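First the structure, in the form of structure tokens, and then the observations on it.
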Amino acid sequence: MNKKIAVAIDGPAAAGKSTVAKKVAHQLGYVYIDTGAMYRALTWKSLESGVDLHDEDAVYQQLMQISIDLVMENDGQHVYVDERDVSREIRQQDVTTNVSFAAKHGKVREEMVKRQQQLAAERGVVMDGRDIGTHVIPDAEVKIFMIASVQERAERRHKENIEKGFPSDLSELKEEIRKRDEIDSKREIAPLVKAEDAIEIDTTSLSIDEVVDKILSAIADRVQ
Ligand SMILES: Nc1ncnc2c1ncn2[C@@H]1O[C@H](COP(=O)(O)OP(=O)(O)O)[C@@H](O)[C@H]1O
Ligand SMILES: Nc1ccn([C@@H]2O[C@H](COP(=O)(O)OP(=O)(O)O)[C@@H](O)[C@H]2O)c(=O)n1
């Protein structure tokens, strides 16, 4: 497979996007870009500095003052805000429950999309998020929309939290996922929606490797 392409993976919270995107990128020797981590990094910084996440100008100003870097290291991708490694902090519950507020502002999204498009300028990328196939890389050669039931997604996140030593409550997780999906799907700017030309994969009863294989074969079909 010589021709390098862009693969856009979108879908709701905990559908398995980043796990699968990382594996697909690894198999192809592509770069993986986690756009959710960028919104989480901004949210973490805003909470740290006491910025009101509902104040569009304040959140935008905060974003313009920071650099957000995704760096591949031996143990996986790390996220830096300026010089600080915040990979763990951005997965904490206060960031998770607030990130959709930061992500709904038009000015914030415009700047994020600009940064993400720079990262994807060269092909050979797998990028995951909510608006990748619709706004960030609308001309991506392969677009995937991953879904799974809320129950399944909450159970997956619960298991992951316990493994990481994070406190976790299944019914709270279900509620948080439902609420975040609703904000992400109903926002005015670039809501979470399947791109017309995206392939939908329901991962509820699929293993990680089965999903990876489906995406790799969609890519193989496209680049032939
Ligand atoms: N098809 C799958 N079957 C079972 N578990 C999965 C599957 N895909 C992902 N997971 C697990 O679900 C959790 C959430 O996946 P993640 O990739 O973080 O989702 P997203 O990026 O969509 O939020 C992770 O712990 C991951 O290992
Ligand atoms: N391209 C993107 C990526 C994430 N986001 C926002 O960032 C939040 C966190 O994204 P994420 O991919 O880390 O979320 P999880 O599904 O991993 O929990 C989402 O709930 C969206 O509010 C977005 O608006 N657009």
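Note that the structure is a prediction, hence the values are computed from the model and not measured. Read the numbers this way: they start at 1 and go in the same order the structure lists the ligands and their atoms.
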Taking non-hydrogen atoms only, is [X] closer than 4.0 angstrom to ligand 2 via side chain, backbone, both or neither?
X    : result
R40  : side chain
R157 : side chain
E176 : neither
M112 : neither
A14  : backbone
R109 : side chain

Salt bridge or not between [X] and [Y]? Use side-chain N to carboxylate O under 4.0 Å.
X    : Y    : answer
D10  : R130 : no
D181 : R153 : yes
K22  : D34  : no
E152 : R156 : yes
K114 : E110 : no
E160 : R157 : yes
R84  : E89  : yes
R115 : E111 : yes
D139 : R123 : yes

(request) Would you check whether E152 has a nitrogen or oxygen atom less than 3.5 angstrom from a nitrogen or oxygen atom of ligand 1? (result) no
(message) Minimum heavy-atom separation for I90 and V79, please, with both atom names.
(response) CD1-CG2, 3.8 Å
The one among [options] that brings a heavy atom closest to [atom]:
atom                    : options              : result
atom 16 (O) of ligand 2 : R153, R130, M127     : R130
atom 6 (C) of ligand 1  : R153, R156, E160     : R156
atom 8 (C) of ligand 2  : T35, V99, V113, D181 : V99
atom 3 (N) of ligand 1  : D128, T203, L206     : L206
atom 15 (O) of ligand 1 : G16, G36, G129       : G16

(request) May I ask you to check whether F101 and H54 place their ring centers less than 6.0 Å from one another? (result)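 Centroid distance F101-H54: below 6.0 Å, so yes.
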(request) Mark the output for K17 as yes if a heavy-atom distance to ligand 2 is under 4.0 Å, and as no if none is. (result)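 K17: in contact with ligand 2 (<4.0 Å).
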(message) I'd like to know whether ligand 2 has Q116 as a neighbour, heavy-atom separation below 4.0 Å.
(response) no
(request) Could you establish whether G11 and ligand 1 come within less than 4.0 Å of each other, counting only heavy atoms on the residue side? (result) no
(message) Heavy atoms only, cut-off 4.0 Å: how does R157 contact ligand 1, side chain, backbone, both, or neither?
(response) side chain
(message) At under 4.0 Å between heavy atoms, is it the side chain or the backbone of S207 that contacts ligand 1, or both, or neither?
(response)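 For S207, the contact with ligand 1 is made by the backbone alone.
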(request) May I ask you to check whether D128 has an N/O atom sitting below 3.5 Å from an N/O atom of ligand 2? (result) no
(request) Number the atoms of ligand 1 from 1 as they appear, then name those within less than 4.0 Å of a heavy atom of A14, with their elements. (result)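 Near A14, the atoms of ligand 1 are 19 (O), 20 (P), 22 (O), 23 (O).
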(message) Under a 3.5 Å threshold, yes or no: a donor from one side chain and an acceptor from the other, between Q62 and K45?
(response) no
